Amino acid sequence: TTTRTAGLGSGSTFPVGVNTVTYTAMDGAGNSTSCSFTVTVVDNIPPTLACPANITVNATAGTCGKVVTYIAPVGADNCSGVTTTRTAGLASGSIFPVGVSTVTYTATDGAGSSTSCSFTVTVVDNIPPVLACPANISVNATAGTCGKVVTYVAPVGTDNCSGVTTARTAGLASGSTFPVGVNTVTYTATDGAGNSTSCSFTVTVVDNIPPAITGCPSNISVNAGAACTATASWTV
């Protein structure tokens with residue numbers, strides 16, 4: 001008689017891995033012979049893994065980033081023992097910097113098959129720079145000129161992110177001779193994201209110097225004529 005003495009029978013569901021099946025033949029005298037073979041089931045099915053959708057948020061005021069939370073993906077597999085790890089990018093709850101950050105997760109099963117997925121976290125810098133111009137300035141003109149040299153402290157912009165630039169976009173620079181009248185000076189601060197803020201102030205030069213008259217003639221004395229009048233002339 002021949003009987004299966006180890007392993008599963010034909011038509012059974014064999015688990016992943018190497019399965020040994022043994023048969024033994026025995027005659028009436030009690031002599032026996034056995035033979036074995038293996039049934040190897042290879043797990044060639046990679047895990048499944050679904051990342052969350054791409055995320056876009058605005059930066060937090062006063063910072064060049066944003067705390068972002070997301071639900072970390074968990075891999076699934078036809079066999080137990082799958083592990084999921086973050087293989088790139090920041091963890092949920094981290095401060096993501098302004099710009100596009102890529103987060104990648106990888107699920108690996110017991111057979112070494114793996115599946116990865118990625119998503120992006122975009123932090124938009126929508127916060128304009130801060131810029132404060134000096135107060136309006138009023139000065140009197142310099143004697144002998146129709147203006148005044150005026151100095152002021154040029155404003156410098158600040159921003160939640162580095163890289164802000166400040167430029168004078170209208171009016172004269174500090175130390176220039178400002179003409180009599182009202183002169184408007186404008187400065188603009190621009191950050192790396194293209195957000196900008198402008199401020200203006202006026203420099204008013206007052207002409208408080210009266211005109212001067214030169215060449216007035218000396219007092220004139222003439223004798224009257226027969227008609228009791230006299231003709232007098234002078235250079236204006």
Side-chain angles (χ1 to χ4, degrees), residues 54-68 89-90 93-102 120-224 229-236:
N54 294 336
I55 300 170
T56 299
V57 293
N58 290 327
T60 300
T63 69
C64 194
K66 175 79 171 183
V67 174
V68 177
L90 298 174
S94 300
I95 298 175
F96 283 76
V98 164
V100 180
S101 302
T102 300
T120 59
V121 176
T122 302
V123 180
V124 179
D125 179 12
N126 67 329
I127 303 170
V130 176
L131 186 66
C133 276
N136 294 335
I137 299 170
S138 183
V139 293
N140 291 327
T142 300
T145 69
C146 194
K148 175 79 172 182
V149 174
V150 177
T151 60
Y152 57 83
V153 178
V156 177
T158 59
D159 193 56
N160 57 310
C161 295
S162 61
V164 61
T165 59
T166 306
R168 178 170 45 83
T169 50
L172 297 175
S174 176
S176 300
T177 300
F178 284 75
V180 165
V182 180
N183 304 270
T184 300
V185 181
T186 302
Y187 277 79
T188 301
T190 305
D191 65 18
N195 301 305
S196 64
T197 300
S198 295
C199 68
S200 298
F201 63 100
T202 59
V203 176
T204 301
V205 180
V206 179
D207 179 9
N208 68 331
I209 302 170
I213 297 178
T214 59
C216 266
S218 301
N219 294 335
I220 299 170
S221 179
V222 294
N223 293 322
T229 61
T231 298
S233 61
W234 61 87
T235 300
V236 178

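Since the model is a prediction, treat every value here as computed from it, not as a measurement.
Within the structure, the disulfide (SG to SG under 2.5 Å) test picks out the following pairs touching residues 155-202 (sequence neighbours left out): C64-C161, C133-C199.
With contacts defined as side-chain heavy-atom distances shorter than 4.5 Å, the pair T190/P129 does not qualify. Proximity of T122 to N54: side-chain heavy atoms (C-beta onward) are nowhere separated by under 4.5 Å. Side-chain contact between P134 and V153 is absent, with no heavy atoms from C-beta onward closer than 4.5 Å. The shortest side-chain heavy-atom distance between V57 and F96 does not fall under the 4.5 Å cut-off.
Here the options are T188, T186, T169, the test is side-chain hydrogen bond (donor to acceptor under 3.5 Å, both in side chains), and the partner is S198; only T188 passes.
The two residues T60 and K66 make their nearest non-hydrogen contact at OG1-CD, 3.2 Å. The two residues P155 and L131 have their closest heavy-atom pair at CB-CD1, 3.8 Å. What you find for S138 and V206 is that their closest heavy atoms are OG-CG2, 3.9 Å. Taking all atoms of both residues into account, the shortest heavy-atom contact from A141 to T145 is CB-O, 4.2 Å. Contact detail for P179 and L172: the closest heavy-atom pair is CD-CD1, 4.1 Å. Nearest heavy-atom pair, A189 versus T166, reported as atom, atom and distance to 0.1 Å: CB-OG1, 3.9 Å.
Between the side chain of D159 and the backbone N or O of S162, no donor-acceptor pair lies under 3.5 Å. A donor-acceptor pair under 3.5 Å is absent between the side-chain atoms of N160 and the main chain of A61, judged by distance alone. Using modelled atom types, no side-chain atom of N195 and backbone atom of T197 make a donor-acceptor pair closer than 3.5 Å.
Note that CH2 of W234 and SG of C216 are 11.0 Å apart. Values are rounded to the nearest 0.5 Å.
I95 CD1: 12 or fewer foreign heavy atoms inside a 6.0 Å radius.
Ring geometry, Y187 versus F201: the interplanar angle falls under 30°, so the pair is classed parallel (tilted spans 30 to 60°).
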